[in-house]
Amino acid sequence: MRPLETHVEMSSHLWMFNRVKELLTREGLLSGHASEDEVRIAIGRWLEMVEEASKESLISH
């Protein structure tokens, strides 16, 4: 399998990463001056939340 960056330009990944950080900040899950570790933790929690919501959505249908 080719590395992900060969499929989509890295600038697109960075754009998405920045949008996710903005979302987490708006939702109060991340402070405006978060460290790299805090960003990783917040993104991990966000992924868990989204995965759980996805599972619940599949169950209810």
Side-chain angles (χ1 to χ4, degrees):
M1 179 182 275
R2 295 183 319 192
L4 188 59
E5 61 267 18
T6 62
H7 295 281
V8 178
E9 290 183 26
M10 188 52 68
S11 61
S12 295
H13 291 282
L14 292 172
W15 181 87
M16 181 61 75
F17 178 69
N18 288 328
R19 298 300 80 75
V20 169
K21 288 193 321 184
E22 287 175 10
L23 171 70
L24 295 176
T25 301
R26 249 191 347 262
E27 293 295 319
L29 300 171
L30 189 63
S31 71
H33 304 296
S35 69
E36 289 181 18
D37 285 338
E38 291 170 322
V39 171
R40 283 188 192 96
I41 291 167
I43 288 175
R45 289 179 178 159
W46 175 73
L47 285 171
E48 291 172 4
M49 180 180 68
V50 171
E51 288 171 347
E52 188 62 33
S54 177
K55 289 176 191 174
E56 290 176 12
S57 175
L58 290 174
I59 292 171
S60 67
H61 285 98

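None of the values given here were measured: they were computed from a predicted structure.
- Applying the 6.0 Å contact sphere to CE of Met16 captures no more than 12 heavy atoms from other residues, nucleotides or ligands.
- Closest non-hydrogen pair, Thr25 versus Ser31, comes out as OG1-O, 4.1 Å.
- Under the 4.5 Å side-chain heavy-atom criterion for grouping Ile, Leu, Val, Met, Phe, Trp and Tyr, Leu14 is not connected to Val20 through any hydrophobic cluster.
- Looking at every heavy atom in both residues, Lys21 comes nearest to Leu30 through O-CD2, 4.0 Å.
- The pair Glu51-Lys55 does not meet the salt-bridge criterion, since no charged nitrogen lies less than 4.0 angstrom from a carboxylate oxygen.
- Under a hydrophobic clustering in which Ile, Leu, Val, Met, Phe, Trp and Tyr are joined whenever their side-chain heavy atoms come within less than 4.5 Å, directly or via other members, Ile41 and Leu29 fall into different clusters.
- The backbone N or O of Ser35 sits less than 3.5 Å from a side-chain atom of Glu38, completing a donor-acceptor pair.
- Counting non-hydrogen atoms of neighbouring residues, nucleotides and ligands closer than 6.0 angstrom, the CD atom of Glu52 exceeds 12 such neighbours.
- Arg19 has a carboxylate O that lies under 4.0 Å from a charged side-chain N of Glu22, or vice versa, which qualifies the two as a salt bridge.
- Residues Phe17 and Leu23 share a single hydrophobic cluster, defined by chaining ILVMFWY side chains whose heavy atoms lie under 4.5 Å apart.
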